[in-house]
Amino acid sequence: MKKRQYVRIVAAGAVLMVLAGCGQSDGEGGAGEASALSEQQMKTVVPDAKAVPGWEVLSGPAADTMEGDLKDSLCPEKEKQACEGARFVGTSRFREKKKAEIGFWAITYQDEKAAEDAFDVHWDWYRKGLGKPASLDLGRVGEQRQAALGTSNYQGDKRAVAQVRLGTVIMWVSVDASRQTGIDAALVKDLATVFAARADEAEKGKPPAAALDS
């Protein structure tokens, strides 16, 4: 788990665009604004086995509409603003040698303002779910970003959560490991960068291809 994994962005120029927070689209919405992604696009935005080589697939990639029980489980209670304008969600989950698990999920909103307004509400909720949270540095990935490392239970097992917004999409990465294994903060940053790059590619109408180096 401590081994450093470097980010490989397949699409030319994607790293610079993600770091500058320039997710754009020629689709619906105002000039220069990203549009909500489709359900099929959300299924491709969340990382697949090619994006995280060497990790065992536990579930996904999958996508669905944001409604019913799914909406209830992903939206903070009594915080209606968090999911106003939410359209689709994508998810995937992986495991590394039975020592650590990583989860990816993302919500696309009807427009950038809805996503921007929901960002802080979501982050307050996720950060409160960590024991003894300490902030992590994600660099300049996305247009909004937060990350923290803490504990997930009374046994002191570790959990890191990263949250990034790019255009109409808010993305999350969770990494869970035992207290003995620990979590490499650099891996969390790399996973968030890959995820944001895939959203950037989708918002430009390209097939997401960003991946970690094998």
Side-chain angles (χ1 to χ4, degrees), residues 1-11 14-19 21 23 42-63 74 89-108 119 122-123 126-127 129-130 133-152 157-167 169-178 181-203 208-214:
M1 189 66 188
K2 293 292 185 180
K3 183 179 179 182
R4 175 75 159 130
Q5 290 179 283
Y6 294 92
V7 178
R8 172 173 56 89
I9 306 298
V10 177
V15 170
L16 294 179
M17 295 303 290
V18 169
L19 294 181
M42 290 300 289
K43 185 176 180 180
T44 64
V45 164
V46 291
D48 55 13
K50 292 181 179 179
V52 283
W55 292 71
E56 175 190 357
V57 177
L58 296 179
S59 64
L74 292 174
V89 58
T91 62
S92 62
R93 193 163 187 84
F94 303 83
R95 177 170 56 198
E96 182 190 42
K97 298 177 182 178
K98 299 182 179 180
K99 292 183 179 180
E101 292 188 5
I102 51 176
F104 299 96
W105 64 104
I107 298 173
T108 185
F119 188 89
H122 276 295
W123 181 244
Y126 283 108
R127 186 179 175 89
L130 296 173
S135 296
L136 295 178
D137 181 15
L138 295 181
R140 295 182 58 203
V141 61
E143 294 166 300
Q144 289 175 279
R145 68 205 67 83
Q146 292 285 358
L149 172 64
T151 57
S152 60
D157 292 331
K158 302 298 182 181
R159 173 173 293 165
V161 179
Q163 178 179 306
V164 176
R165 181 186 69 83
L166 189 68
V169 181
I170 300 179
M171 297 151 273
W172 292 269
V173 178
S174 68
V175 182
D176 287 277
S178 69
T181 302
I183 294 174
D184 183 358
L187 174 62
V188 179
K189 181 178 180 179
D190 286 351
L191 293 172
T193 302
V194 164
F195 205 173
R198 294 176 71 87
D200 187 58
E201 290 167 327
E203 288 181 348
L212 290 177
D213 251 342
S214 56

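This structure is a prediction, so every number in the text was calculated from the model and none was measured.
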Q: Apply side chain to side chain contact (heavy atoms under 4.5 Å, CB included) to the pair I107 and V169, showing each step before the final yes or no.
A: CA-CA 6 Å; I107 298 173; V169 181; over 6 Å; no
Q: Determine whether L191 and T193 make a side-chain contact, defined as any pair of heavy atoms from C-beta on separated by less than 4.5 Å.
A: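 Answer no - side chains too far apart.
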(Q) Using the rule given for side chain to side chain contact (heavy atoms under 4.5 Å, CB included), can you reason through K43 versus S92, listing the C-alpha separation, both sets of side-chain angles and the distance that settles it, and then say yes or no? (A) CA-CA 9 Å; K43 185 176 180 180; S92 62; over 6 Å; no
If you look at every heavy atom in [X] and [Y], which pair is closest and at what distance?
X: A106; Y: M171; result: CB-CG, 3.9 Å
X: V46; Y: P61; result: CG2-CB, 3.5 Å
X: V161; Y: W123; result: O-CH2, 3.5 Å
X: K158; Y: T151; result: NZ-CG2, 4.2 Å

Q) Which of these passes side-chain contact (heavy atoms from CB on, under 4.5 Å) with I183: L136, V188, D157? A)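 Of all the options given, the one that passes is V188.
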Report yes or no: does [X] contribute a side-chain atom to a donor-acceptor pair with the main-chain N or O of [Y] at less than 3.5 Å?
X: E201; Y: A210; answer: yes
X: R165; Y: G167; answer: yes
X: R198; Y: T44; answer: yes
X: T181; Y: A177; answer: no
X: R145; Y: V141; answer: yes
X: Q146; Y: A162; answer: no

Q: Measure the acute angle between the ring planes of H122 and W172, then classify it against the limits of 30° and 60° as parallel, tilted or perpendicular.
A: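 Perpendicular: the ring planes of H122 and W172 meet at over 60°.
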Q. If you measure from CD on E101 to CD on E56, what distance do you get to the nearest 0.5 Å?
A.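 The CD atom of E56 is 9.0 Å from CD of E101, to the nearest 0.5 Å.
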Q) Below 6.0 angstrom between ring centroids: does that apply to F104 and W55? A)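 F104 vs W55: aromatic centres not under 6.0 Å.
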**Q.** Sequence-distant partners of R159, salt bridge (charged side-chain N to carboxylate O under 4.0 Å, His left out), two or more places apart
**A.**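 Here the qualifying residues are D176.
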Q. Could you go step by step and tell me if W105 and V173 meet the side chain to side chain contact (heavy atoms under 4.5 Å, CB included) rule?
A. CA-CA 7 Å; W105 64 104; V173 178; over 6 Å; no
Q) Hey, mind stepping through F195 and V164 against side chain to side chain contact (heavy atoms under 4.5 Å, CB included) and telling me if it holds? A) CA-CA 9 Å; F195 205 173; V164 176; over 6 Å; no
